[in-house]
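Notes follow the structure.
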Amino acid sequence: MCHSDLSYLDGTLTSLLGPAPIILGHEFAGVVSEIGEGVENFHVGDRVAINADTDGPGTAIDGGFATKVLVRDWEAVHIPDGVSWEQAAPATDAGRTAHHAVFGIGEVTAGTRVGIVGYGGLGSLGALIAKASGAEVFVADVSEQARASATADGALKVVTDVRDLADAKLDVIIDFAGFDTTTSGAVATVRKGGRVVQVGLAKPTVTFDVQDLVLGEVQLHGSVTGSTDDLAAVLRFIENGTISSRVETLSFEQIGEGYDRMKRGDYHGRLVAMFDHPAH
């Protein structure tokens, strides 16, 4: 279950949706039940995770909350045997989005000093991925529970407000929250010539001090989703135990309740709805 769906439901991101009514669920994994003509890389019974972009399931056409989902073969990635369903599903969006933001847009390498704003489902994976690459990771989150998780995961410093990381001279700050103040705080905090990567979309508009941007020569980049290569890389990270999502599983009948909890902020990590799949 993804926070973006709340934006679909409240009208913030309806421009991305296909014709309504539509079944949501763009972050999912499942079993191939049938293949189309010319498909060679997949077979009935294969376990797959789906790289669903804005023109795919859950956004443009019916998605993962349906009984069956129509998927183009290039959107599917084989799930390694060592990866469970509840880990594979968040990898398809939270994982690949975080991977793309860290490496594709943030250009993080060993030794990079990285600030992570928002230690939820995406931010925690972004931090773990960055740490696995040898980066130095700092975290800002208003949630006491999230801060405790970041500390347990080995963040060098954990604060409530990203501005409290100014002394760290961060090379890159990735804002997985997007609550306006988090973005403006990131622009004001990153070192001169540093890079701010915007991922979170909690607020549709952002206000920041243009002097912070110009005088600091700050590079401000947007980052969205990722590729099948990002997804495959994340699944390998999960398989070898480098990263994992904090998940709570729900039944199909609890999806509505899950979204209500997400609205209240009454969750941590990722809520994953489990359907009837073969045991693994």
Side-chain angles (χ1 to χ4, degrees), residues 2-8 10-16 54 93-108 112-130 135-144 146-147 149-150 155-226 262-263 265 268:
C2 183
H3 198 278
S4 296
D5 287 335
L6 295 182
S7 298
Y8 294 153
D10 68 14
T12 304
L13 285 177
T14 50
S15 61
L16 296 179
T54 54
D93 188 5
R96 70 184 171 106
T97 298
H99 190 276
H100 179 63
V102 169
F103 297 125
I105 305 298
E107 299 182 358
V108 171
T112 302
R113 297 173 69 81
V114 183
I116 300 292
V117 181
Y119 207 75
L122 276 76
S124 59
L125 290 179
L128 292 172
I129 290 169
E136 299 178 13
V137 176
F138 302 75
V139 172
D141 197 297
V142 296
S143 164
E144 182 177 355
R147 294 196 302 274
S149 296
L156 293 179
K157 186 175 181 180
V158 181
V159 299
T160 302
D161 189 329
V162 67
R163 293 175 185 267
D164 294 332
L165 295 174
D167 290 344
K169 303 298 181 184
L170 300 173
D171 301 304
V172 179
I173 298 178
I174 306 175
D175 181 7
F176 287 102
F179 280 99
D180 185 15
T181 54
T182 57
T183 308
S184 60
V187 170
T189 301
V190 72
R191 68 160 174 81
K192 185 171 182 177
R195 178 177 302 227
V196 173
V197 180
Q198 187 63 40
V199 180
L201 294 170
K203 297 293 184 180
T205 59
V206 172
T207 302
F208 57 82
D209 190 332
V210 73
Q211 292 189 40
D212 290 333
L213 183 77
V214 174
L215 299 181
E217 296 183 343
V218 175
Q219 304 173 52
L220 178 58
H221 299 265
S223 181
V224 60
T225 62
M262 292 173 71
K263 290 178 184 177
H268 182 53

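- Across all non-hydrogen atoms, the minimal contact from Ser184 to Thr181 is OG-O, 3.1 Å.
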Listing, residues 123-130 side-chain donor-acceptor contacts under 3.5 Å, not counting sequence neighbours, or none:
from	atom 1	to	atom 2	distance (Å)
Ser124	OG	Gly120	O	2.6

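- Side-chain atoms of Thr182 come within 3.5 Å of backbone N or O of Phe179 as a donor-acceptor pair.
- Of all heavy-atom pairs spanning Val108 and Ala135, the tightest one is CG1-CB, 3.6 Å.
- Closest approach of Leu6 to Met262, counting heavy atoms only: CD1-CB, 3.8 Å.
- Taking CZ from Arg163 and CG from Leu165, the interatomic distance works out to 12.0 Å, rounded to the nearest 0.5 Å.
- Applying the salt bridge (Lys or Arg N to Asp or Glu O under 4.0 Å) criterion to Arg113, with sequence neighbours excluded, gives Glu136.
- Just one of Asp167, Val117, Ile173, Asp164 meets the side chain to side chain contact (heavy atoms under 4.5 Å, CB included) condition when paired with Thr189; it is Ile173.
- Under the rule for a ring pair (Phe, Tyr, Trp, His ring centres under 6.0 Å), His100 has no partner lying at least two apart in sequence or in another chain.
- Side chains of Arg147 and Thr160 form a contact here, defined as non-hydrogen atoms less than 4.5 Å apart.
- Residues meeting the side chain to side chain donor-acceptor pair (under 3.5 Å) test with Ser149, sequence neighbours left out: His268.
- Partners of Asp171 by salt bridge (Lys or Arg N to Asp or Glu O under 4.0 Å), not counting sequence neighbours, listed by chain and number: Arg191.
- Using a 4.5 Å heavy-atom threshold, the side chains of Phe103 and His99 count as touching.
- Remark: of the listed residues Val196, Val199, Leu122, Ile105, Val199 is the sole one forming a side chain to side chain contact (heavy atoms under 4.5 Å, CB included) with Ile174.
- Taking each heavy atom of Asp212 and Ala188 in turn, the nearest pair found is OD2-CB, 3.4 Å.
- Taken to the nearest 0.5 Å, the CG atom of Leu215 stands 8.0 Å off from the NZ atom of Lys192.
- Two residues are said to be in side-chain contact when any heavy atoms from C-beta on lie closer than 4.5 Å; Val190 and Val172 fail this criterion.
- Residues Ala94 and Gly121 come closest through the heavy atom pair CB-O, 4.1 Å.
- Within the 4.5 Å cutoff, the side chain of Leu170 has no heavy atoms near those of the Val114 side chain.
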Side-chain atoms of residues 219-226: list all donor-acceptor pairs with protein atoms under 3.5 Å, sequence neighbours left out, distances to 0.1 Å.
from	atom 1	to	atom 2	distance (Å)
Gln219	OE1	Arg195	NH2	3.0
Gln219	NE2	Gly193	O	3.3

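- Distance check: Leu16 CG to Ser7 OG gives 9.5 Å after rounding to the nearest 0.5 Å.
- Pairing each heavy atom of Phe138 with each of Ala168, the nearest pair is CE2-CB, 3.9 Å.
- Side-chain N or O atoms of Asp180 include one that pairs as donor or acceptor with a backbone N or O of Thr207 at under 3.5 Å.
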